[in-house]
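Excluded from the calculations below are hydrogen atoms, water molecules and symmetry mates; all remaining heavy atoms, backbone and side chain alike, are included. Numbers restart at 1 for each chain; the letters A, B, ... are given by sequence-line order, proteins then strands.
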2 protein chains.
Amino acid sequence: MAPRKLKTVEPTQTSARRQHKADAKAAAAAPAKPRPLTRIQREKQDIILEAALEVFSAHGFRGSTIDQIAEVAGMSKPNLLYYFPKKEEIHRRLMSELLVTWLAPLEEMRADGDPFVEIRSYIRRKLEMARDFPRQSRLFANEMLRGAPHIIDMIEVDLKALVDEKAQVLLTWMDEGKIARTDPYHLIFSIWATTQHYADFDVQVRAVLGKARGGEGRFEDAARYLEQLFLHGLTPRPRA
Amino acid sequence: MAPRKLKTVEPTQTSARRQHKADAKAAAAAPAKPRPLTRIQREKQDIILEAALEVFSAHGFRGSTIDQIAEVAGMSKPNLLYYFPKKEEIHRRLMSELLVTWLAPLEEMRADGDPFVEIRSYIRRKLEMARDFPRQSRLFANEMLRGAPHIIDMIEVDLKALVDEKAQVLLTWMDEGKIARTDPYHLIFSIWATTQHYADFDVQVRAVLGKARGGEGRFEDAARYLEQLFLHGLTPRPRA
DNA sequence: AAGATTTTTGACCAGTTGGAAAAATGTTAG
DNA sequence: CTAACATTTTTCCAACTGGTCAAAAATCTT
């Protein structure tokens, strides 16, 4: 139930603990031995990123203030700025971690597996992510709504490449008659849409399901439903 | 192609042209004959709402400034504030119009129609809305991501009631063996998710499809795909 | 323990933003 | 034409926000 903490991405050396007072020329000339991060630095950065995820995912980038993040992180604003000199820097770090996490499930879809098993597993994994990492999902959705200004490059290059590859896999399965012939790209879109919906539109889902069915069980119901949808659609089954 | 303008909702009397200087007691005592809006007032309000939709849907509520909206509306900030004394008021109006527009397509799903035709039409209508009113869709998504603070009541009451009703219709169709037995609520969720995805995640869709397929035709492709998905899922067809 | 380094804090600042006040300019009914 | 009212513009401001800075406190090194 408790979302595991995401592994932290390699820190971009542009952040934290800048050379105090180091004048530009000197800094540029000497590579300045980027001393490795101390224990405290790594810990504090993690705390800040966790707090920022909480705040950014709830209010968006512009809707969040450094003060808010600092408070959630349990430190003062100047102290936070000591680790991340720019608000944008925090967001950038969060986004780059996010992208990696986000691509992972699709990467796991193996061409040499059984098509239905692979697709079912993929849906499961995405749904589990919506359940266990809703804040990441919302952060991502937020970025998309805004036109993905910070990650458009990665979307156009890395994500596109990955989807192209997997679309090819799906096409092969179709050619072999193992799954119905349909548009592989839109198939992937629909898996994204249906699963992330349970994180991004959580309020609506809960409100509509009501107290009775809006509890924890809703993800199990969703999993069952989506399986049925992607396997058979709405065609009545006992008519064969 | 050009999105028709949405009909304006009855103006909440809390907005625009407030009683200048009317002291609280007097205003409360005498209903103060809320003189009907002039032509100019209605026009300007519409212009402002249109501009606000543009700005809010792109940057979110907190990410948008009155100045931005005023500029898009082609007027000065104080002038805009003359018509909508509060930034929140503009947003409120937008949201209440939105809700009505948003419920409409589902309302049109008739219990006495042919199940497949009705569901297919519903999907079509929702997809057309994603295509023709992407800004509204994003505004809605934004509100949802934030936990729907402004419309949670309507979601819990009106929307829930409507979905309950239509879920009942779907259940009836299932009982009659006309469509496969599955969870009607999640069915509706999946239609929402898959269709709105094309508005809310438009950047991603375009980027992944690439220049070749990311053009206008993508909505036609989506329509074809979704039809197949909801009718048959991924089960190979020519195996009957 | 002394010195060097890192971390934390409090005071402060400049730019932005939502909004108020009031003066100035239309507009319209009598 | 003019008084009453509607609209627009100009000027201003207080709160908030991202960010700076120097000094204090804590930690690490030798």
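Phosphate contact (OP1/OP2 of C:dT7, side-chain N/O of A:Tyr82, threshold under 4.0 Å): present. Phosphate proximity of D:dT8 to B:Ser76: absent, as no side-chain N or O sits under 4.0 Å from OP1 or OP2.
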Atom pairs and distances, side-chain donor-acceptor, residues 197-204 of chain A, under 3.5 Å, sequence neighbours left out:
{"residue": "A:Tyr198", "atom": "OH", "partner": "B:His186", "partner atom": "ND1", "Å": "2.6"}
{"residue": "A:Asp200", "atom": "OD1", "partner": "A:Ser137", "partner atom": "OG", "Å": "2.8"}
{"residue": "A:Asp202", "atom": "OD1", "partner": "A:Arg218", "partner atom": "NH2", "Å": "2.9"}
{"residue": "A:Asp202", "atom": "OD2", "partner": "A:Arg206", "partner atom": "NH1", "Å": "3.1"}

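Under 4.0 Å is where a charged nitrogen must lie from a carboxylate oxygen, and between A:Glu143 and A:Arg146 no such pair does.
Put simply, CG on A:Asn79 is 15 Å from P on D:dA25, counting in whole angstrom units. Regarding A:Ile48, its CD1 atom lies at a distance of 12 Å from the C1' atom of C:dT7, rounded to whole Å. Atom pair B:Tyr83:OH and D:dA6:C1' shows a separation of 8 Å (rounding to whole Å applied). To the nearest angstrom, C1' of C:dT7 lies 13 Å from CD1 of A:Ile47. The CD-C1' distance, from A:Gln45 to C:dT6, rounds to 14 Å in whole Å. A straight line from NZ of B:Lys44 to P of C:dT27 spans 10 Å, rounded to a whole angstrom. Look at CG on B:Leu80: it is 13 Å from C1' on D:dT7, rounded to the nearest Å. Per the geometry, CD belonging to A:Gln41 stands 13 Å off C1' belonging to D:dC28, to the nearest Å.
Annotation: side-chain contact (heavy atoms from CB on, under 4.5 Å) contacts of A:Glu128 (sequence neighbours excluded): A:Arg124, A:Arg131, A:Asp132. Under the salt bridge (Lys or Arg N to Asp or Glu O under 4.0 Å) criterion, A:Asp164 pairs with A:Lys160, sequence neighbours left out. Taking A:His150 as the reference, A:His91 meet the ring pair (Phe, Tyr, Trp, His ring centres under 6.0 Å) condition, with sequence neighbours excluded. Partners of A:Ala58 under the side-chain contact (heavy atoms from CB on, under 4.5 Å) rule, at least two apart in sequence or in another chain, do not exist in this structure.
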When you compare the protein's N or O atoms with those of nucleotides 11-18 of chain C, which come within less than 3.5 Å of each other, and at what distance?
{"residue": "C:dG18", "atom": "OP1", "partner": "B:Ser64", "partner atom": "O", "Å": "3.3"}
{"residue": "C:dG18", "atom": "OP1", "partner": "B:Lys87", "partner atom": "NZ", "Å": "3.0"}
{"residue": "C:dG18", "atom": "OP2", "partner": "B:Ile66", "partner atom": "N", "Å": "2.9"}
{"residue": "C:dG18", "atom": "N7", "partner": "B:Lys77", "partner atom": "NZ", "Å": "2.8"}

